[in-house]
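Written below as structure tokens is the structure these notes are about.
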Amino acid sequence: MIPPPGVIGVGLLAVMLVAATAALFARDLLVAAALFGVFSFAAATWFALVGAVDVAFTEACVGGALSTILFVSAAHRTRRWLD
């Protein structure tokens with residue numbers, strides 16, 4: 001059994017919770033995409049902390065980098081503000 005990550009893990013989970021909540025209520029699509037990236041990189045760090053390094057690498061590459069770049073480019077091509 002893997003021991004709990006302690007204070008750093010609780011901090012990462014708090015960052016993930018705040019980023020996800022803020023992304024839900026963001027009125028600007030670019031801000032929501034950036035918050036999604038923050039969530040993904042925090043999740044990748046959490047996975048690495050608990051020992052799932054392969055999952056952490058995949059999350060950082062796909063969720064943190066590729067998806068965030070696609071969301072930001074899509075936000076630039078659309079109307080960014082929610083009416």
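Residue indices begin at 1 and follow the sequence shown.
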Closest non-hydrogen atom pair, S40 against G63: OG-O, 3.3 Å
Euclidean distance, L12 CG relative to F39 CZ, rounded to 0.5 Å: 11.0 Å
Cluster link L13 to F47, ILVMFWY, side chain under 4.5 Å: yes
Nearest atoms (heavy-atom pairs only) where A42 meets M16: CB-CG, 3.5 Å
Point-to-point distance, once rounded to the nearest 0.5 Å, from CG of D28 to CG of L35: 10.0 Å
Partners passing ring-ring contact (aromatic ring centres under 6.0 Å, His included) against F41 (at least two apart in sequence or in another chain): none
Sole residue of L17, L24, V18 in side-chain contact (heavy atoms from CB on, under 4.5 Å) with T21: L17
Common cluster, V72/V38, ILVMFWY with side-chain heavy-atom separation under 4.5 Å: no
L66 CG: over 12 foreign heavy atoms closer than 6.0 Å: yes
With F71 via ring-ring contact (aromatic ring centres under 6.0 Å, His included) - residues at least two apart: F36
